[in-house]
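All remarks here apply to the structure that follows.
Sequential numbering from 1 along the given sequence is applied to the chain's residues.
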Amino acid sequence: MMKIISIAMLCFVCLQACARQTTNNEIPRDTSFNIISAYNKIKKDFPEARPANPDLPENVEAHYELVFTTLPETPFGERDLHVDLFHPKKEGKYPALIMVHGGGWRSGDKSLQVPMAKAIAGKGFVTVAVEYQLSLEAKYPAAVHNIKAAIRWMRANAEKYHIDPSRIAISGCSAGGQLASLVGLTNDVEKLEGKQGYPEYSSSVQAIIDIDGVINFLAPLSLNNERRPDSPDVEWLEGDFYTRPDRWKEASPIYWANEKSVPMLFLNSGFPRFTAGEHELMSMLDRWDIYNELHSFDVKVHPFWLFHPWFEPTVDYMVTFLHKVL
């Protein structure tokens with residue numbers, strides 16, 4: 001009898017939990033990719049690695065959780081999207097960098113970009129770590145629409161946050177690198193703009209930094225990877241290449257490159273599969289006489305930008321490139 005009661009109580013608790021989840025309409029979250037989980041994966045093989053978390057430079061002002069757009073109707077109700085923004089305290093207009101986190105289009109959050117954002121802002125830039133809808137909440141191309149909306153918001157608020165609207169670059173890491181390249185190579189492509197605010201402003205960028213982000217989903221280094229139905233790219237693109245070849249091609253930044261594309265910086269780990277299509281794109285940029293450069297960290301750490309001793313050289317490469325092209 002007690003066993004039956006216990007089972008009944010367990011069922012009741014589960015039903016209550018499900019009811020609460022439905023009532024609250026909470027956005028599903030995958031928190032598997034974070035600085036702690038990434039560190040735990042590498043610390044045995046790379047004992048010199050340490051998470052990077054620099055202090056806010058004295059010459060930088062920080063603004064957290066700024067709403068850049070509100071999505072009025074989603075399956076989870078009204079939805080605010082946010083940025084964390086850092087700018088030099090000294091008056092003036094500065095070149096800006098919008099920064100896109102990684103996590104397989106499913107996990108991670110904008111806080112992963114804050115250490116680099118603080119460091120780069122201290123060197124004379126406005127940096128903007130952006131939130132976007134992950135695949136458990138919304139599939140491709142929602143994230144692209146979100147990021148382009150954030151760029152338009154930056155231009156709409158340029159005066160307030162010391163942004164030079166004629167000098168905006170985009171960077172991204174891993175899945176964020178793919179998104180940064182896609183956003184940056186689709187300047188003025190109406191199909192991917194979305195309708196999330198400030199349509200009178202441009203979402204174009206003047207430079208792209210891709211840190212270990214895939215350039216061509218159809219390249220052998222990418223396409224030949226074994227995948228499951230819940231693999232991150234399959235989930236985000238709502239099917240594998242054989243069922244959704246249209247999406248796999250459309251989401252591949254390389255197919256949008258042209259003679260008007262902007263300068264690009266590529267920063268790589270020791271895992272070639274994360275940058276599939278990169279060398280082909282660089283050859284195209286060379287043919288069009290568009291500035292590009294590549295720096296590789298010969299280390300088997302995918303999220304190297306999150307850790308010392310690779311954090312500082314990553315920031316230095318980015319800042320040097322941005323000074324050069326902006």
Side-chain angles (χ1 to χ4, degrees), residues 32-62 64 83-88 94-104 107-131 169-181 207-213 264-272 274-275 278 293-326:
S32 59
F33 179 58
N34 54 64
I35 190 70
I36 296 173
S37 65
Y39 179 59
N40 286 337
K41 286 182 180 179
I42 70 168
K43 64 182 181 181
K44 180 180 178 181
D45 294 326
F46 300 92
E48 75 276 21
R50 293 289 182 273
N53 186 25
D55 293 332
L56 184 71
E58 290 185 2
N59 64 329
V60 171
E61 185 172 327
Y64 294 95
V83 295
D84 294 339
L85 185 148
F86 306 86
H87 66 76
Y94 299 90
L97 177 68
I98 183 168
M99 308 176 72
V100 188
H101 71 82
S107 188
D109 61 62
K110 61 182 169 57
S111 69
L112 293 167
Q113 294 293 287
V114 166
M116 284 199 299
K118 291 190 291 188
I120 294 171
K123 299 179 184 293
F125 295 85
V126 179
T127 53
V128 180
V130 64
E131 176 188 18
I170 187 168
S171 69
C173 303
S174 190
Q178 177 273 332
L179 281 166
S181 293
I208 302 166
I209 300 174
D210 184 334
I211 305 177
D212 239 18
M264 294 189 71
L265 166 65
F266 303 93
L267 299 176
N268 297 353
S269 71
F271 294 105
F274 287 109
T275 53
E278 174 184 271
E293 61 180 85
L294 164 66
H295 301 281
S296 295
F297 293 82
D298 188 20
V299 60
K300 298 291 186 180
V301 176
H302 173 43
F304 60 87
W305 57 89
L306 296 174
F307 303 101
H308 302 296
W310 312 290
F311 175 82
E312 284 87 358
T314 299
V315 169
D316 289 343
Y317 282 134
M318 295 172 72
V319 169
T320 300
F321 170 77
L322 292 172
H323 278 308
K324 188 178 295 183
V325 300
L326 294 183

One should read off an interatomic distance between Met116 CE and Cys173 SG, to the nearest 0.5 angstrom, of 4.0 Å
Report the distance from atom CD of Glu278 to atom CE of Met264, rounding to the nearest 0.5 Å. 8.5 Å
Within-4.5 Å side-chain heavy-atom neighbours: Phe304 and Pro313: no
Of the non-hydrogen atoms in Leu56 and Ala62, which two are nearest, and what is the gap between them? CD2-CB, 4.0 Å
Min side-chain heavy-atom separation Ser269-Val301 under 4.5 Å: no
Between the NE2 atom in His308 and the OG1 atom in Thr314, the distance rounded to the nearest 0.5 Å is 11.0 Å
Have a look at His302 and tell me which of Phe46, Phe271, Phe274 forms a ring pair (Phe, Tyr, Trp, His ring centres under 6.0 Å) with it. Phe274
Under 4.5 Å between any side-chain heavy atoms of Glu293 and Leu265, yes or no? yes
Within 6.0 angstrom of Asp298 CG, more than 12 heavy atoms from elsewhere: no
When you compare the side chain of Pro303 with that of Trp305, does any pair of heavy atoms fall below 4.5 Å? yes
Is it the case that more than 12 heavy atoms not belonging to Glu48 sit under 6.0 Å from its CD atom? yes
Please report the closest heavy-atom contact between Ile170 and Ala180, naming both atoms and the distance. CG2-O, 3.6 Å
For a quick test of reading the model, state the closest non-hydrogen atom pair linking Thr127 to Ala117 and the distance between them. OG1-O, 2.8 Å
Testing Leu85, Leu97, Asp84 for side-chain contact (heavy atoms from CB on, under 4.5 Å) with Val128, which one passes? Leu85
Looking at Lys300 and Gly270, would you say the former's side chain and the latter's main chain have a donor-acceptor pair under 3.5 Å? yes
Ignoring hydrogens, what is the shortest heavy-atom contact between Asn59 and Gly122? Give both atom names and the distance. ND2-O, 3.3 Å
State whether the side chain of Ser37 and the backbone N or O of Ser32 hold a donor-acceptor pair below 3.5 Å, judged by distance alone. yes
Sidechain-backbone polar pair: Thr320 side chain, Asp316 backbone, donor-acceptor under 3.5 Å: yes
If you look at every heavy atom in Phe321 and Ala207, which pair is closest and at what distance? CE2-CB, 4.0 Å
Closest non-hydrogen atom pair, Ala49 against Ile42: CB-CD1, 3.8 Å
Sub-4.5 Å side-chain heavy-atom contact between Ile35 and Phe307: yes
How many angstroms lie between atom CD of Glu61 and atom NE2 of His87, to the nearest 0.5 angstrom? 4.0 Å
Side chain to side chain, Pro57 and Lys118, heavy atoms closer than 4.5 Å: yes
Please check if atom CG in Asp45 has more than 12 non-hydrogen atoms from other residues, nucleotides or ligands closer than 6.0 Å. yes
How are the rings of Tyr317 and Phe297 set to each other: parallel, tilted or perpendicular (split at 30° and 60°)? perpendicular
Supply the atom-to-atom distance Asn34 CG to Tyr39 OH, rounded to the nearest 0.5 angstrom. 14.0 Å
Could you please spell out the steps behind the side chain to side chain contact (heavy atoms under 4.5 Å, CB included) verdict for Asp212 and Thr275? CA-CA 5 Å; Asp212 239 18; Thr275 53; 3.5 Å; yes
Any side-chain heavy atom of Ile120 within less than 4.5 Å of one from Phe86? no
Tell me whether Lys41 at atom NZ has more than 12 heavy atoms from other residues, nucleotides or ligands lying less than 6.0 Å away. no
